[in-house]
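Worth saying up front: this structure is predicted, and the values here are computed from it rather than measured. As a basis for the values below, the full set of heavy atoms in this structure was taken, side chains included, without hydrogen atoms, waters or symmetry mates. Counting starts at 1 for both ligands and their atoms, following the listed order.
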Amino acid sequence: MLNEVTISRGIIQAYLQKLSNSLELDVAIVGGGPSGLVAGTYLAMAGKNVALFDRRLSIGGGVWGGGMMFNEVVVQEEGKTVLDELGFQCQPFEPGYYTLDSVYLASGLVHKAVCSGLKIFNLVSMEDVVIKNKRVAGLVINWGAIETLKWHVDPLTLHASFVLDATGHPANVTEVLVRKMGVTLDTATGGMVGEKSMDAETAEMDTVNNSKEVHPGLFVSGMAANAVCGGYRMGPVFGGMLLSGKKVAQAMIEQGNR
Ligand code: 48F
């Protein structure tokens, strides 16, 4: 006989255990788009205690909608290496170009990430960062719904050796850090340079080159990296996003924990 209270207790206890185990992380990722999910997967595969927070109900960021809601995406030859490593099938199109169903890619990235050990918290928003000794050292989080409603509810805080800003075009984490702390970033201007218009070839290279630690403790990946460092946009070609996530994960693994 099913007891409704046992069901509720199971959910509450399992969630609180997951959250409680995520208060002192090796890496805290903000944003569950392709770059954040790939970074989280490689970090979890390396044995890191890593959690990802996204304000939305569904994880996957901009992958689901393909290009203009045609739910297919393109990956070029370089990015296909990551797809191969993570076990994705794709269809060859013209030489050097592959297509994937965007629902397959989005759901597969989430599935791979969770199976690798990444803890994912949907419906949770980053509203601020923790600063210790002039270093980004954690996140201030709140429910995404509280952020949307703009209600005055105090947040909770977690510590992390590294924070990854994978929030896409708004580069939310870096924006908050610069606005509140006035820090200098490792960019051409020392500030947030801003995203440029469309040039897929340049943008794909930019995405990988710009994926790095821009302030002690804070890495950027994906479109956030281009927004922070001044890269171009590329639309629904995803190789750069995958390679960006892998690059920042490797950089954090090489640095070890703080
Ligand atoms: O934008 P998004 O998919 O990130 P990405 O990894 O990938 C970009 C591509 O999808 C696409 C593109 C490639 O051609 O240009 O746009 O750079 O996902 C970013 C995620 O971050 C979440 C947001 O809900 C989305 O799912 N996010 C943004 N700000 C916050 C946040 C925040 N403050 N707290 C929590 N989540």
Practice problem: For ligand 1, list the protein residues that place a heavy atom within a distance below 4.0 Å of one of its atoms, sorted by chain and number. | Solution: Val30, Gly31, Gly32, Gly33, Pro34, Ser35, Phe53, Asp54, Arg55, Arg56, Gly61, Gly62, Val124, Ser125, Met126, Ala166, Thr167, Gly168, His169, Asn172, Gly222, Met223, Met234, Gly235, Val237, Phe238, Met241
Quiz item: Quick one: side chain to side chain donor-acceptor pair (under 3.5 Å) partners of Thr187, sequence neighbours excluded?
Solution: none
Practice problem: State which residues pass side chain to side chain donor-acceptor pair (under 3.5 Å) with Glu77; sequence neighbours excluded, sorted by chain then number. | Solution: Tyr98
Quiz prompt | Pairs flagged by side chain to side chain donor-acceptor pair (under 3.5 Å) wherever residues 4-21 is involved - sequence neighbours left out | solution = none
Practice problem: Heavy atoms only: give me the nearest Ala39-Leu164 pair and the separation to one decimal. | Solution: CB-CD2, 3.6 Å
Exercise. Apply side-chain hydrogen bond (donor to acceptor under 3.5 Å, both in side chains) to the pair Asn226 and Lys196, showing each step before the final yes or no.
Key: CA-CA 8 Å; Asn226 285 343; Lys196 296 193 172 76; over 6 Å; no
Self-check item: side chain to side chain contact (heavy atoms under 4.5 Å, CB included), paired with Leu118, selected from Val50, Leu43, Val27
Solution: Val50
